[in-house]
Visitor: 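What follows is a single structure, and I will ask about it in a moment.
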Amino acid sequence: MAGKTLYDKLWDAHLVKQRDDGSALIYIDRHIIHEVTSPQAFEGLRLAGRQPWRLDTNVATIDHNVPTTPFRSAAEIEDETSRIQVQTLEENTKAFGILEFGIGDVRQGIVHVMAPEQGAVLPGMTVVCGDSHTSTNGALACLAHGIGTSEVEHVLATQCLVAKKMKNMLVRVEGTLGAGVTAKDVVLHIIGVIGTAGGTGYAMEFGGSAIRSLSMEGRMSICNMSIEAGARAGMVAVDDKTIEYVKGRPFAPTGANWDKAVTWWKTLHSDADAKFDTVVEIRAEDIKPQVSWGTSPEMVLPVDAVLPDPQAESDDVKRNGMLRAYEYMGLKPGMKITDIKVDRVFIGSCTNSRIEDLRAAAAVAKGKKVAGSVKQAMVVPGSGLVKKQAEAEGLDAIFKAAGFEWREPGCSMCLAMNPDKLLPGEHCASTSNRNFEGRQGNGGRTHLCSPAMAAAAAIAGHFVDVREGI
Amino acid sequence: MEKFTTLKGLVAPLDRANVDTDLIIPKQFLKSIFKSGYGPNLFDELRYLDEGQPGMDNSKRPLNKDFVLNQPRYQGAQVLLARRNFGCGSSREHAPWALMDQGFRALIAPSYADIFFNNSFKNGLLPIILSEEQVEQLFRETQATEGYQLAIDLEKQTVTTPSGQSFAFEIDAFRKHCLLNGLDDIGLTLQDADAIRAYEAKRAAEAPWVFNAIAKRT
């Protein structure tokens, strides 16, 4: 019998019931809640007269709507609809008795930064949240994925999901990453190779020596964007770094439970003879710093490239997509990536707002100044604790001296549900995860890149190859 | 949930691939705490010439006449014809809510993003997968014939064109059962409450740390 993949092991450990029709009930260990996708789920529970199945598995925080300028209570949120959502979460968590890290709590932050930071997510868990970037948590060898609001209600009411087993994909990145090439560049490169639907229907495991060489933060950046490659769930096997990362976190086990947990966690890797439905091989040496040029994450290129010719694309649907992207982005085929000027720079989001990301950006910004042509460069830490850590290391001082704005934690300009947004036509070097039309503000033009590349673009006023220094 | 059995409806073509959920319903409209009322803001950035905000009177906003769904011939459409990877991006269930609220009951495309696909079934919206060639043919026929309608039969798993040509589609047995009967799957899952409790007891013995309480701390 063939061995099991990591996903097979996680699935088997959480299978409550296999039904005859091919669907299954899967137990959910951890449910993370934020203000945008939960109100209708709580309302559904109320209307049906149902109580949550378990309270102690849920943890909530506010992130999507919160301003990144200081505020002390929901009442100070200017936008009425944002305020109502934040207040509604406060009311719901209070009414149902669910733990929330709210306004003013140092633990408040982006759901996918907060959860691993608190040890609320542990290796081997099934983790869901009404947010597609829940895949981030797969970096801890979890089965973690986004769900819709109906499923948020379903998990609250039953602690289970109705699921069908996905196929197994392994993306193996072997070799040594070059200087200036980060986890973000690895995942953008992967998306460029397999496309935004390449992982549809798969649970995607990232493996190989280049992945193992990454920190936990780097692995989170990669698993975060598995959804941009089409895969709901991304994951990385447990190794010593995983266990070291979890140790001592507030919700991590201790004593005998810790030892017992570690014993099981060490089995959370694909067996040597495991069978994957698809294997993608990538050479680490082929990966350069990446910048997206279009309106889909697969429209991404190495920083030293020129923009592609749509007429060379034989697939009609793809060619039409490229033509539309050129029109929206205001760019021309043949242009160099390094000639794209940026109006704003955003360093943050659940992809790249952890301490390592801020360190990488600060290393580039240190002693430099944001270019006069750049209207705004902002750094938004992923959580109150990341912010505190960065300030203890003096990173805030480096950013401020260079002309960056140093903000309060939240999702911010990644999706512009709060006041941080692009104006029509503006180009933004962004460490976020989606370059869709209008994503960062109506008419805004997003270029996805790593924190170091974003900081370098802020200083030069246009994209530059971070490997060459500035 | 609304049942889905059969549907004969007008078809509207949206000829672009990778339609993401930000395009289907932009983020500013996700601030609502309700499930309905999203229809007028479906495809907001394509549909109107100005920037939409919650609370606006949408009937007074300038329409983008070039946007296909604004054409008079597609008003009242119940079937949306789309290209590959429809619904990619965020997990927002507001996307199927907006499509339903606008009057769509079925989608036809060569492929969908996983989370959107799943969310659609939870709301009585049927996402049908046909081959690239079949979808291409339907695009040609829809664009060529005003008032073009398709007949969808979920029980038989068929899409039938006005000329009587029938295309079969695949669907998961469980999802089909729920859609045909308009079943709320929370109720179905709770029928297995004993199995869930048994799992919890077994799991708590072998992996007690998973059940370390995240308790409400004040």
Side-chain angles (χ1 to χ4, degrees), chain A residues 16-17 19 21-23 25 27 29 36-37 39-40 56-59 65 81-82 84-85 88 97-99 120 122 125 130-132 146-150 153-154 157-160 162 164 196-197 200-201 230 232 251 253 257 261 264 296 317 320-321 324 415-417 434 436-439 442, chain B residues 15-18 20 22-23 26-28 30-35 45 51 54-55 83-85 88-94 96 111-115 118-119 122-123 172-175 177 184-186 188-190 192-193 195-196 199-200 203 206-217:
Chain A
V16 171
K17 186 177 179 178
R19 293 169 167 166
D21 58 19
S23 69
L25 273 187
Y27 195 78
D29 294 324
V36 179
T37 53
Q40 296 87 351
D56 60 355
T57 175
N58 300 289
V59 57
N65 273 281
T81 48
S82 289
I84 290 171
Q85 267 193 345
T88 303
I98 289 169
L99 176 67
L122 298 170
M125 279 185 165
D131 189 286
S132 59
I147 54 177
T149 298
S150 293
E153 186 181 338
H154 192 278
T158 70
Q159 210 51 48
C160 291
V162 179
K164 201 170 176 185
T196 51
T200 304
R232 289 178 86 175
F251 294 112
N257 268 346
W264 185 56
S296 165
V317 175
N320 289 338
R324 192 177 290 114
L415 85 168
M417 278 189 77
R434 288 187 177 136
F436 298 153
E437 288 183 21
R439 170 83 177 179
N442 191 294
Chain B
D15 193 0
R16 59 191 281 170
N18 299 316
D20 58 76
D22 278 81
L23 202 64
K27 68 266 166 188
Q28 63 268 36
L30 310 190
K31 296 181 186 183
S32 162
I33 57 171
F34 305 105
K35 279 190 181 183
E45 286 176 10
E51 185 180 345
R83 297 289 186 182
R84 66 181 80 139
N85 200 28
C88 60
S90 100
S91 64
R92 61 188 71 165
E93 201 158 314
H94 312 68
S111 60
Y112 302 86
D114 284 341
I115 302 180
N118 200 35
N119 284 341
K122 310 283 180 193
N123 292 281
D172 213 69
F174 176 72
R175 286 170 164 156
H177 174 72
D184 159 11
D185 51 341
I186 294 179
L188 284 177
T189 300
L190 287 174
D192 285 318
I196 301 172
Y199 171 86
E200 285 178 326
R203 187 73 182 148
E206 60 188 34
W209 64 88
V210 175
F211 293 82
N212 277 2
I214 287 192
K216 172 94 176 146
R217 296 174 188 173

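In what follows, every chain begins at residue 1, and chains take the letters A, B, ... in the order their sequences are listed. What you are looking at is a predicted structure, and each value in this text was computed from that prediction instead of being measured.
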Visitor: To check you understand the geometry: which heavy-atom pair defines the closest contact between B:P54 and B:Q28, and what is its length?
Guide: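 For B:P54 and B:Q28, the tightest heavy-atom pair comes out as CG-O, 3.2 Å.
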Visitor: Can you tell which part of B:R203 gets under 4.5 Å to a heavy atom of chain A, answering side chain, backbone, both or neither?
Guide: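 When you check distances to chain A, only side chain atoms of B:R203 fall under 4.5 Å.
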Visitor: Regarding A:R19 and the six-membered ring of B:F174, is the cationic atom NZ or CZ under 6.0 Å from the ring centre and inside 45° of its axis?
Guide: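 That pair qualifies as a cation-pi contact.
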Visitor: Do B:S111 side-chain atoms and B:N85 backbone N/O form a donor-acceptor pair below 3.5 Å?
Guide: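 A pair under 3.5 Å: yes.
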Visitor: Heavy-atom distance under 4.5 Å to chain A: side chain of B:H94, backbone, both or neither?
Guide: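 When you check distances to chain A, only side chain atoms of B:H94 fall under 4.5 Å.
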Visitor: Which pair of heavy atoms, one from B:L23 and one from A:E437, lies closest together, and at what distance?
Guide: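 Reported closest heavy-atom pair: CD1-OE1, 4.0 Å.
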Visitor: Identify which part of B:E51 has an atom lying under 4.5 Å from any heavy atom of chain A, answering side chain, backbone, both or neither.
Guide: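 Backbone plus side chain of B:E51, per the 4.5 Å heavy-atom cut-off to chain A.
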Visitor: Using non-hydrogen atoms only, which part of B:D15 is less than 4.5 Å away from chain A: side chain, backbone, both, or neither?
Guide: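 Contact with chain A is through the backbone of B:D15 alone.
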Visitor: Could I get the full list of ring pair (Phe, Tyr, Trp, His ring centres under 6.0 Å) partners for A:F436, not counting sequence neighbours?
Guide: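 Ring pair (Phe, Tyr, Trp, His ring centres under 6.0 Å) list for A:F436, sorted by chain: empty.
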Visitor: Does any backbone or side-chain atom of B:P26 lie under 4.5 Å from a heavy atom of chain A? Answer side chain, backbone, both or neither.
Guide: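 Neither part.
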Visitor: For A:R439, which atoms come within 4.5 Å of any heavy atom of chain B: side chain, backbone, both, or neither?
Guide: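 Both parts, heavy atoms under 4.5 Å.
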Visitor: Please evaluate residues B:N119 and B:R92 with respect to the criterion side chain to side chain donor-acceptor pair (under 3.5 Å), reporting the C-alpha separation (whole Å), side-chain torsions for both, the decisive distance (0.1 Å), and the verdict.
Guide: CA-CA 9 Å; B:N119 284 341; B:R92 61 188 71 165; over 6 Å; no
Visitor: Under 4.5 Å, counting heavy-atom pairs only, tell me which of A:A120, A:S23, A:G321 racks up the most with chain B.
Guide: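 Counting heavy-atom pairs under 4.5 Å, the top option is A:S23.
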Visitor: Tell me, side chain or backbone of A:M417 under 4.5 Å from chain B's heavy atoms, or both, or neither?
Guide: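 Both the backbone and the side chain of A:M417 come within 4.5 Å of chain B.
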Visitor: A:S82 versus chain B, heavy atoms under 4.5 Å apart: side chain, backbone, both or neither?
Guide: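 For A:S82, backbone and side chain are both near chain B.
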Visitor: If you tally heavy-atom pairs under 4.5 Å against chain A, which of B:G55, B:C88, B:S90, B:A195 wins?
Guide: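 Looking at each option in turn, the highest pair count goes to B:S90.
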Visitor: Please classify the contact between A:N257 and chain B as side chain, backbone, both or neither, with a heavy-atom cut-off of under 4.5 Å.
Guide: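 A:N257 touches chain B through backbone and side-chain heavy atoms alike.
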Visitor: Does a side-chain N-to-carboxylate-O contact under 4.0 Å join B:K122 and B:D185?
Guide: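 Yes, B:K122 and B:D185 are salt-bridged.
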Visitor: I would like to know whether A:D21 and B:H177 meet side chain to side chain contact (heavy atoms under 4.5 Å, CB included); could you show each step before the answer?
Guide: CA-CA 10 Å; A:D21 58 19; B:H177 174 72; over 6 Å; no
Visitor: Could you report the tightest heavy-atom contact between B:S32 and A:Q40, atom names first, then the distance?
Guide: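 The answer is O-NE2, 3.3 Å.
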Visitor: Count the heavy-atom pairs under 4.5 Å between each of A:I84, A:T196, A:N320, A:T57 and chain B, then report the option with the highest count.
Guide: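 Most heavy-atom pairs under 4.5 Å with chain B: A:T196.
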Visitor: With a 4.5 angstrom heavy-atom cut-off, could you sort out which part of B:E206 is near chain A: side chain, backbone, both or neither?
Guide: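 The backbone, not the side chain.
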Visitor: Could you tell me which of A:P39, A:G146, A:G148, A:A416 has the largest number of non-hydrogen atom pairs under 4.5 Å with chain B?
Guide: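 Going by pairs under 4.5 Å, I would pick A:G148.
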Visitor: Measuring heavy-atom distances to chain A, does B:Y112 have an atom under 4.5 Å in its side chain, in its backbone, in both, or in neither?
Guide: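 Interface part for B:Y112: backbone (N, CA, C, O).
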Visitor: Locate the shortest heavy-atom distance separating A:C160 from A:L25; write the atom from each residue and the value.
Guide: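 In this case the closest contact between A:C160 and A:L25 is CB-CD2, 4.1 Å.
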Visitor: Is B:L30 in contact with chain A via its backbone, its side chain, both, or neither, using a 4.5 Å heavy-atom distance?
Guide: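 For B:L30, heavy atoms of backbone and side chain both lie under 4.5 Å from chain A.
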Visitor: What part of A:T200 lies closer than 4.5 angstrom to a heavy atom of chain B: side chain, backbone, both or neither?
Guide: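 Both backbone and side chain.
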Visitor: So, the side chain of A:T149 versus the backbone of A:T37: is there a donor-acceptor pair under 3.5 Å, distance only?
Guide: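 Present.
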Visitor: Return the option, out of A:S150, A:P253, A:G201, with the maximum number of heavy-atom pairs under 4.5 Å with chain B.
Guide: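 Going by pairs under 4.5 Å, I would pick A:S150.
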